[in-house]
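Any value given below was found using the heavy atoms of this structure, including those in side chains, with hydrogens, waters and symmetry copies removed.
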Amino acid sequence: MEAPLNPDIPLDPAAGNSARRAYWVGPRHLAGDDQRLYDTVADTLAGLGWTSLAIVRGRQEPDEAPEDRQVLRSTVLHISPDALRWAQWTLADEPFHLGELPIAWQVCARAETGSPLAQWSAYFTPDVPGEVLVDFLLALDAREEPAVSFAGPEVVLDAVTAHGWLRDIDQPNAAATDPTFTSHLSLGEVPPLIQDADPRTLVAEADEEGPAGWQAWAEPVLGAPCLWAASFAASVPHDLVAAFAASLSSTAPVLRRVLPESTQERLLRAPAG
């Protein structure tokens, strides 16, 4: 990259995405998904040999023309060659929300093909940087046993502190934040509806906490809506979460044509090409 990143380089006026100028921007945890989260991930999975299946549900009145049919839900399921892991893209008419944001990608894995249930699930909303989700999926694809954990939670915190993130003063062994205190990573109570095969998640009483899972989110303005959120079930292997965390906190710039409105002023940028 020839030019240094600079927050004062003016952006091109709003136009069609194809006409917008490309920039190298950072930090990546505030860079959004460039409105290409599906394509970025789907292209990577296709390159890894994952199979894709599309499911569309719609509504059509008896005298309605086919082109006027209302599509209510479109889901694309990507399945690994060994059928032990899969990723589902879905932005539904009644979406599952995380941090008041709809889920875009759900990633799952199981220990054996004979089991119909996922051992764990991870969830990602729009504006999670595509590069970060790709790195998580590459790590998942490379694993021979996607449902077995080989490391403890410390590897996740080590991944972000190696890139300058700060451990939480009150929870140094369970939470960290970037130096601007806008993006966060925390090991703790898992939100409702997060799917996990750990039986302890089923038997925990209402006033008890179940197994802890990793949560990540970006909150550019305190008290304002989050830019993105990600949730990992308690059984997601820590080394896979560490791959996500290392990519999220990476200082390497990412290529963008569309910048999130809530973080434009916080991003350093340089023209690409």
Side-chain angles (χ1 to χ4, degrees), residues 33 37-56 73-92 95-96 98 103-125 128-156 159 185 187 190-203 210-216 229-248:
D33 61 12
L37 187 57
Y38 175 77
D39 292 334
T40 299
V41 174
D43 290 349
T44 297
L45 296 178
L48 293 173
W50 290 37
T51 301
S52 64
L53 303 170
I55 303 171
V56 177
R73 180 189 294 264
S74 180
T75 297
V76 184
L77 182 66
H78 300 259
I79 307 172
S80 66
D82 62 7
L84 291 179
R85 56 215 98 193
W86 59 94
Q88 178 176 302
W89 167 267
T90 176
L91 288 174
F96 169 26
L98 183 65
I103 296 297
W105 281 102
Q106 178 181 350
V107 180
C108 305
R110 57 184 174 179
E112 54 186 25
T113 56
S115 171
L117 300 177
Q119 188 70 24
W120 57 258
S121 298
Y123 305 81
F124 307 89
T125 72
V128 167
E131 297 85 355
V132 178
L133 184 47
V134 161
D135 286 342
F136 175 78
L137 288 163
L138 290 174
L140 172 62
D141 184 79
R143 263 174 155 263
E144 292 187 6
E145 299 180 82
V148 180
S149 189
F150 299 114
E154 192 66 21
V155 297
V156 179
L185 188 66
L187 178 63
V190 177
L193 304 180
I194 300 300
Q195 297 178 13
D196 195 293
D198 189 327
R200 293 176 296 168
T201 63
L202 303 176
V203 300
W214 288 99
Q215 315 303 315
S231 181
F232 302 87
S235 296
V236 177
H238 295 295
D239 57 290
L240 290 181
V241 183
F244 172 90
S247 182
L248 180 70

Step-by-step side-chain contact (heavy atoms from CB on, under 4.5 Å) determination, Leu187 to Val156: CA-CA 10 Å; Leu187 178 63; Val156 179; over 6 Å; no
Could you go through the side-chain contact (heavy atoms from CB on, under 4.5 Å) check for Thr44 and Leu137 one step at a time? CA-CA 9 Å; Thr44 297; Leu137 288 163; 5.7 Å; no
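No donor-acceptor distance shorter than 3.5 angstrom exists from the side chain of Thr90 to the backbone of Thr75, with no hydrogens or angles considered. The backbone N or O of Arg85 lies less than 3.5 Å from a partner atom in the side chain of Ser80, making a donor-acceptor pair.
Residue Trp105 forms a ring pair (Phe, Tyr, Trp, His ring centres under 6.0 Å) with just one option from Trp86, Tyr38, Phe124, and that option is Tyr38.
Under 3.5 Å, the side chains of His78 and Trp89 contain no donor-acceptor pair of N or O atoms.
Across all their heavy atoms, Tyr123 and Leu98 have their closest contact at O-CD2, 4.2 Å. When all heavy atoms of Ala216 and Phe244 are compared, the closest pair comes out as CB-CE2, 3.9 Å. Taking each heavy atom of Thr125 and Leu37 in turn, the nearest pair found is O-CD2, 3.8 Å. Minimum interatomic distance between Leu84 and Pro146 (heavy atoms only, all atoms of both residues): CB-CG, 4.0 Å. Minimum heavy-atom separation, Leu48 to Pro81: O-CG, 4.3 Å. What you find for Ser149 and Arg143 is that their closest heavy atoms are CA-NH2, 4.1 Å.
Between Asp82 atom CG and Trp50 atom CH2 the span is 8.5 Å, to the nearest 0.5 Å. For the atom pair Asp33 CG and Leu133 CG, the distance stands at 10.0 Å (nearest 0.5 Å). Rounding to the nearest 0.5 angstrom, the gap separating the CD atom in Gln119 from the OG atom in Ser235 is 5.5 Å.
Remark: Ala139 engages Leu240, Ala243 in a side chain to side chain contact (heavy atoms under 4.5 Å, CB included) (not counting sequence neighbours).
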